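No experiment lies behind these values; they were computed from the predicted model shown. Each chain gets a letter, A, B and so on, in the order its sequence line appears, and its residues count up from 1.
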Number of protein chains: 2
Amino acid sequence: MATERKVTSTNYRNQSFLEEKCSLNELLDLVSKRWICEVLFCIEEGINRFKSVKEELSYISDTILADRFRLLEKYDLVSKEHFDEIPFRVEYTLTEKGQELCTLLEQICNFSDSLPACKIESKKKTTSG
Amino acid sequence: MATERKVTSTNYRNQSFLEEKCSLNELLDLVSKRWICEVLFCIEEGINRFKSVKEELSYISDTILADRFRLLEKYDLVSKEHFDEIPFRVEYTLTEKGQELCTLLEQICNFSDSLPACKIESKKKTTSG
DNA sequence: CTGTATCCGATAAGATACTG
DNA sequence: CAGTATCTTATCGGATACAG
């Protein structure tokens, strides 16, 4: 990961245009990255180590999880603590801003639950038996 | 646009996993698409025709704008009205859900403004002269 | 245990040409 | 005016191998 964007691309120019217009676009670019919200929610619930988050989110890969932790730290939404034990241990915790974001995301989550287009109804079908 | 996802990909499986886990992920996938929020805000402000939105959002392309309108309509966030005049005219307006989403987005916008990592400070630099 | 480096396939964004 | 069809490129997500 950590590949730099090609500054000559239209893609880059447009994203920059949007981010300068409103910081919302930068934040959305972050929180919409795959797994980001789930990682955030894991930490909120106290599942706060590399391994435990990886287990909780069955399919996430090392590469992506490491990248997501790095991003969340960069944006000061989580903080990282390294414990010098043997074997060593790393824990992530939400910052105040991180907690605030979680709360906002939960509001959006309620909203999306109420959107008919989301939650494609046929997903459950518990009519068996 | 409108290219179908390859159902055999890990990419697809993971996104499906997340969307089934929480509808938040589906909504985020939508609102984080480039220009979506800006289009929504344009409509909210009464800039509600293809041409006028295109002019307001300098760099957006026809292809993308059409796709965004289609998505917003599909999710029932905006509704489309065709006026049979000569030349004909099409107007988009927010639905109740669309208005509700705008309000939520504005809250997140306030939050992102307060995040130090967003709004990279050096963007203004009005110290000249 | 907690990551990093490198490479590759899938998807999103956009350019261009065209239509009723 | 308000789009659609087709193609190209950039970026993202992920697999694999490896490291402190």
Side-chain angles (χ1 to χ4, degrees), chain A residues 1-18 25 28-36 38-39 47-55 57-73 78 80-92, chain B residues 1-18 25 28-36 38-39 47-55 57-73 78 80-92:
Chain A
M1 309 296 291
T3 35
E4 295 300 317
R5 293 192 138 186
K6 196 174 252 188
V7 296
T8 52
S9 67
T10 309
N11 197 330
Y12 177 86
R13 183 206 58 193
N14 285 357
Q15 184 62 25
S16 304
F17 172 77
L18 288 171
N25 289 303
L28 282 179
D29 202 48
L30 174 71
V31 299
S32 67
K33 282 183 195 299
R34 191 168 292 169
W35 308 103
I36 272 272
E38 302 302 325
V39 171
I47 305 172
N48 58 0
R49 297 181 58 183
F50 197 94
K51 190 164 184 295
S52 54
V53 173
K54 191 164 158 53
E55 279 167 7
L57 306 178
S58 327
Y59 301 124
I60 196 170
S61 70
D62 292 351
T63 326
I64 299 297
L65 182 53
D67 181 69
R68 297 307 184 251
F69 275 136
R70 204 179 311 119
L71 279 170
L72 288 171
E73 211 193 340
V78 312
K80 178 178 181 174
E81 199 168 359
H82 183 99
F83 297 94
D84 239 341
E85 308 165 350
I86 301 195
F88 73 94
R89 180 164 57 94
V90 172
E91 279 188 16
Y92 293 91
Chain B
M1 310 297 293
T3 35
E4 293 300 316
R5 292 193 139 190
K6 196 174 253 187
V7 296
T8 53
S9 67
T10 308
N11 197 328
Y12 177 86
R13 183 205 59 194
N14 286 357
Q15 183 63 26
S16 304
F17 171 77
L18 288 171
N25 289 303
L28 281 179
D29 202 50
L30 174 70
V31 299
S32 68
K33 281 185 194 299
R34 192 166 293 167
W35 306 104
I36 272 273
E38 301 302 326
V39 171
I47 304 172
N48 59 359
R49 297 181 58 183
F50 196 94
K51 191 164 185 292
S52 54
V53 172
K54 189 162 158 54
E55 280 167 4
L57 305 177
S58 327
Y59 301 123
I60 196 171
S61 70
D62 292 351
T63 325
I64 300 296
L65 183 52
D67 181 70
R68 297 310 182 250
F69 275 135
R70 205 179 309 119
L71 280 170
L72 287 170
E73 211 192 340
V78 311
K80 179 178 179 174
E81 199 169 358
H82 184 100
F83 296 92
D84 240 340
E85 309 165 351
I86 302 199
F88 72 94
R89 182 164 56 98
V90 172
E91 279 189 14
Y92 294 92

| How long is the line joining CG of B/Asp67 and P of D/dA2, in whole Å? | 17 Å
| field | Closest non-hydrogen atom pair, B/Phe50 against B/Leu65 | value | O-CD2, 3.5 Å
| query | For the side chain of A/Trp35, counting heavy atoms from C-beta on, which of C/dT11, D/dG14, D/dA2 is nearest? | reply | D/dG14
| What about the rings of A/Tyr92 and A/Phe69, do their centers lie closer together than 6.0 Å? | yes
| field | Inter-end axis angle, the helix from C/dC1-D/dG20 to C/dG20-D/dC1, with every axis fitted to five base pairs (rounded, 10 degrees) | value | 50°
| field | Residue whose nearest DNA chain C nucleotide is more 5′ - A/Gln15 or A/Val90 | value | A/Val90
| query | Does B/Glu85 have any salt bridge (Lys or Arg N to Asp or Glu O under 4.0 Å) partners at least two apart in sequence or in another chain, and if so, which? | reply | B/Arg89
| task | Please check the phosphate of D/dT9 (OP1 and OP2 only) for any side-chain N or O of A/Ser9 closer than 4.0 Å. | result | no
| query | Between atom CG in B/Leu65 and atom P in C/dG14, what is the gap in whole Å? | reply | 11 Å
| request: For A/Leu18 and B/Glu38, work out which heavy atoms get closest and say how close. | output: CD2-CG, 3.4 Å
| message | Within this structure, what is the CG-OG distance for the pair A/Asp67 and A/Ser61, rounded to the nearest 0.5 Å? | response | 9.0 Å
| field | A/Leu71 CG to C/dG3 C1', straight-line distance once rounded to whole Å | value | 15 Å
| request: Measure from CD on A/Glu85 to C1' on C/dC1 and round the result to the nearest Å. | output: 12 Å
| said: Measure CD/A/Glu81 against C1'/C/dC1 and give the value in whole Å, please. | reply: 17 Å
| field | Between C/dA12 (P) and A/Asp29 (CG): distance, integer Å | value | 14 Å
| said: Would you say A/Arg89 places a side-chain N or O within less than 4.0 Å of OP1 or OP2 belonging to C/dT2? | reply: no
| request: Determine: side-chain N/O of A/Lys33 to OP1/OP2 of D/dC12, distance under 4.0 Å, yes or no. | output: yes
| task | Look at all strands and tell whether A/Tyr92 reaches a base, only sugar-phosphate, or nothing, counting heavy atoms closer than 4.0 Å. | result | sugar-phosphate
| message | Within the 4.0 Å heavy-atom criterion, would you say B/Lys54 contacts the bases, only the backbone, or no part of the nucleic acid? | response | nothing
| message | In whole Å, I'd like the distance from the NE2 atom of A/His82 to the P atom of C/dG3. | response | 9 Å
| request: Sequence neighbours left out, what passes salt bridge (Lys or Arg N to Asp or Glu O under 4.0 Å) with B/Asp29? Give chain and number order. | output: none
| message | Please enumerate all residues that pass ring-ring contact (aromatic ring centres under 6.0 Å, His included) together with B/Tyr59, with sequence neighbours excluded. | response | A/Phe17
| task | Not counting sequence neighbours, which residues clear salt bridge (Lys or Arg N to Asp or Glu O under 4.0 Å) with A/Glu55? List them please. | result | A/Lys51
| query | For D/dT11, does either OP1 or OP2 sit under 4.0 Å from a side-chain N or O belonging to B/Arg34? | reply | no
| query | When the distance from CZ of B/Arg5 to C1' of D/dG14 is rounded to whole Å, what number comes out? | reply | 13 Å
| said: Using a 4.0 Å heavy-atom cut-off to protein, can you give one letter per nucleotide of nucleotides 15-20 of chain D, 5' to 3': B if the base is in contact, S if only the sugar-phosphate is, - if neither? | reply: BB---B
| Within a strict 4.5 Å, meaning less than it, do heavy atoms of the A/Phe83 and A/Val90 side chains meet? | no
| request: State whether A/Lys6 places a side-chain N or O below 4.0 Å from either non-bridging phosphate oxygen (OP1 or OP2) of D/dC12. | output: no
| Below 4.0 Å: OP1/OP2 of D/dA2 and any side-chain N or O of B/Arg49 | yes
| request: Show the numbers, then the answer: is there a side-chain hydrogen bond (donor to acceptor under 3.5 Å, both in side chains) between A/Arg34 and B/Asn11? | output: CA-CA 10 Å; A/Arg34 191 168 292 169; B/Asn11 197 328; 2.7 Å; yes
| said: Of the options D/dT11, C/dA13, C/dT4, whose atoms approach the side-chain atoms of A/Ala66 most closely? | reply: C/dT4
